[in-house]
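Have a look at the structure below before the remarks.
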Protein chains: 2
Amino acid sequence: MAGVEVPFPGARKRPPSQADVAMLAGVSAQTVSRVANGLSNVDGQTRERVLTAMRELGYQRNSAARALVLGRFHMLGVISFDLSAHGNARTLAAISRAAQAAGYSVNVAYAEKPTEDAVQQAFFQLTGQAVDGVVVIEAQILDRQGLHLPSAIPVVVADGAQNSPFSSVDNNQAAGAGAATQHLLDLGHRTVWHVGGPEDSYSARRRAAAWRGTLTQAQAPVPPQHSGDWTAASGYRIGTELAARDDVTAIFAANDHMALGVMLALHEAGRDVPTEVSVVGYDDVPESACFIPPLTTVHQDFEEIGRQCVGLLLDQLDAGVGSAQAVVSVAPRLVVRASTGPPPAA
Amino acid sequence: MAGVEVPFPGARKRPPSQADVAMLAGVSAQTVSRVANGLSNVDGQTRERVLTAMRELGYQRNSAARALVLGRFHMLGVISFDLSAHGNARTLAAISRAAQAAGYSVNVAYAEKPTEDAVQQAFFQLTGQAVDGVVVIEAQILDRQGLHLPSAIPVVVADGAQNSPFSSVDNNQAAGAGAATQHLLDLGHRTVWHVGGPEDSYSARRRAAAWRGTLTQAQAPVPPQHSGDWTAASGYRIGTELAARDDVTAIFAANDHMALGVMLALHEAGRDVPTEVSVVGYDDVPESACFIPPLTTVHQDFEEIGRQCVGLLLDQLDAGVGSAQAVVSVAPRLVVRASTGPPPAA
DNA sequence: TCCGCCGGGCCTGGGGCCAAG
DNA sequence: TCTTGGCCCCAGGCCCGGCGG
């Protein structure tokens, strides 16, 4: 099938192999391998000939064969639930960037639901697809009992339960949610109402817990919690209820989109933000600075989170699976804009 | 971490191979292979023994070895520029889902800039990483001259130049932008101003062209075009300029986030939306229904777009590279909400 | 004799082909 | 005819041995 070879539908040209390059350069395959790996024990002239032949044929190493013999795939797996959520998408982008910089590719597995079953399935897909390690983004409750790992490969959890047996990057939701709540209390609000994320989200639970803790510590009353599903629509729905109550002067929403929905509901109810009701969000999505009014929110450094995930994973890869579990914390920070202010003088 | 096995740093347990399974089941590796591939010519008893042994050892096929011998990787590559853009993230998610359903994995390569160089680099990374085909999301100007493909693998472009030599899924931006512009004209506006995306974006250019074309066809004056960078901040900046002009009564922004910025600028300038100025966006990001006021915009079916990308790619894989270039169009639709209305009675 | 450079043989995990039971 | 195993190949890396200066 060589030489004359007339390409016809269904026929894929076999990519050039080391042997082809060797033939053209008049050396052995072994020498080609050495050049490809940048080893020093090759004569300058020879190396040049080989490189020329490579260029001429458009040679690329066959990663499958390489992975087979080396036992390393230079590929990281990422399991994510909801890529339409801003934070997850940003984290994935950052992971991808960091991995690329370290010479790794990223294999994305999409878990439809945040159940352990779905994660496990995604996990199998990834290990079956040859990855050296896995990052789980926005994990729900994961423990090793639930998650039965087929082969021991390193796992890093971004923003998962801190009591899991895996290394993790902790977005320090507690600090962020605490700061948001405290900010409102400091402005003079008697208490703060919370529009939380879905019950099965670990992030949502931590934010709610920090909100409650901050109120308790300040000896402020703890209003009943409302739970949305991260969408603006759910924020709007809950906001409509809250807008009807006179005693609501400060609302902390668990993400910016729900805060947006809350603000629309308040607007429609004729309650001004921030003079009558203050609203704080979480995430600092880029457009939150252009909400009406610009939103006070908690900024998360997704870039850093992604970078840390890759860093931890690579550390574990180098150190071996037995290596110690590590937890890295990435600090959020409160960004004060125009949606918060003192409560109306009663 | 069970039984005798004492894991120590640096030691990765070699995953079980067919040979190990064969040994345990008392058959040949060949038979194990047959069972793994679900071939029928295996005795029921034997198959059972093999399956049991597989479970016991936690056997998973080595995809590297499989890819090596089959020449197929069962992996698709995706090249994307900006995953923080909602549409791109959604498309990636949909691609990932569709690929998974077809038994393929997705390898994401991140191109920092939308230059041909960056794409080419990402391309090499992917082909070097063993993919069967590539989807380029939100391509800029790509032609085969610029993009030198190392080995002939199928490529599908989502939303790229329609004169490219690749198969593509066309979001029909022209129809969407035309409908948006026409909607405003139909409401009685004398003309429509446009806040465009970045110059180097193909999507942005098509939306702008359709806007201009619709105005021309309606014999409406064509105002100077302003170009932002998709961010709400850029929309705000341009919006500030537009808000200062009395003759601006209708604005079509090339995406929802810029529309949001425009609306904030109008709000700050004391110009009401929609009674004084109408605003239309593009994308229909989920939260746009909760903007103040809820945004009239053009809905894009990213789920369908992703599905079509994978479909085209798989078709090409089955048909061979020589197969005809295909173009599939996914229709957007106008969603009318509360940000548009007739112009103020002059 | 030693060292720099190069090639042969063998190994990785799995699947196709063919022959044997 | 149906089931099973032996052999070879996929592409590339490592060990070792050899050749020459």
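In the text below, chain A, chain B and the rest are named by the order of the sequence lines, each starting its count at 1. Note that the structure is a prediction, hence the values are computed from the model and not measured.
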Only one of R307(A), E304(A), Q308(A) passes side chain to side chain contact (heavy atoms under 4.5 Å, CB included) with V169(A), and that residue is Q308(A)

Below 3.5 Å is the cut-off: list the nitrogen or oxygen pairs between protein and nucleotides 2-7 of chain D, distance only.
residue: dT4(D); atom: OP1; partner: T46(B); partner atom: OG1; Å: 2.4
residue: dT4(D); atom: OP2; partner: D43(B); partner atom: N; Å: 2.8
residue: dG5(D); atom: OP2; partner: S28(B); partner atom: N; Å: 3.1
residue: dG5(D); atom: OP2; partner: S28(B); partner atom: OG; Å: 3.1
residue: dG5(D); atom: OP2; partner: T31(B); partner atom: OG1; Å: 2.6
residue: dG5(D); atom: N7; partner: R34(B); partner atom: NH2; Å: 2.7
residue: dG5(D); atom: O6; partner: R34(B); partner atom: NH1; Å: 3.4

Looking at Y110(B) and I79(B), would you say the former's side chain and the latter's main chain have a donor-acceptor pair under 3.5 Å? no

L76(A) side chain reached by V131(A) side chain, heavy atoms, under 4.5 Å: no

Terminal axes of the helix from dC2(C)-dG21(D) to dG21(C)-dC2(D) (5 end pairs apiece), angle rounded to 10 degrees, sit apart by 50°

L39(B) atom CG is separated from dG16(C) atom C1', nearest whole Å, by 11 Å

List every contact pair, protein side and nucleotides 8-12 of chain D side both N or O, where the distance is under 3.5 Å.
residue: dG12(D); atom: OP1; partner: Y59(A); partner atom: OH; Å: 2.9
residue: dG12(D); atom: OP1; partner: N62(A); partner atom: N; Å: 3.1
residue: dG12(D); atom: OP2; partner: Q18(A); partner atom: N; Å: 2.6

Rounded to whole Å, CZ of R72(B) lies from P of dG15(C) at a distance of 15 Å

N37(B) side chain to L39(B) backbone, donor-acceptor under 3.5 Å
no

Check: D132(A) side chain, M75(A) main-chain N or O, donor-acceptor pair, under 3.5 Å:
yes

Any L92(A) side-chain heavy atom under 4.5 Å of L92(B) side chain: yes

Note: A22(A) and A29(A) closest approach over all heavy atoms is CB-N, 3.6 Å

>> Tell me whether E303(A) contacts the main-chain N or O of A94(A) through its side chain, where contact means a donor paired with an acceptor under 3.5 Å.
In response: no

For L68(A) and A65(B) the tightest heavy-atom approach is CD1-CB, 3.7 Å

For V78(B) and I137(B), the nearest pair of non-hydrogen atoms, with its separation, is CG1-CD1, 3.7 Å

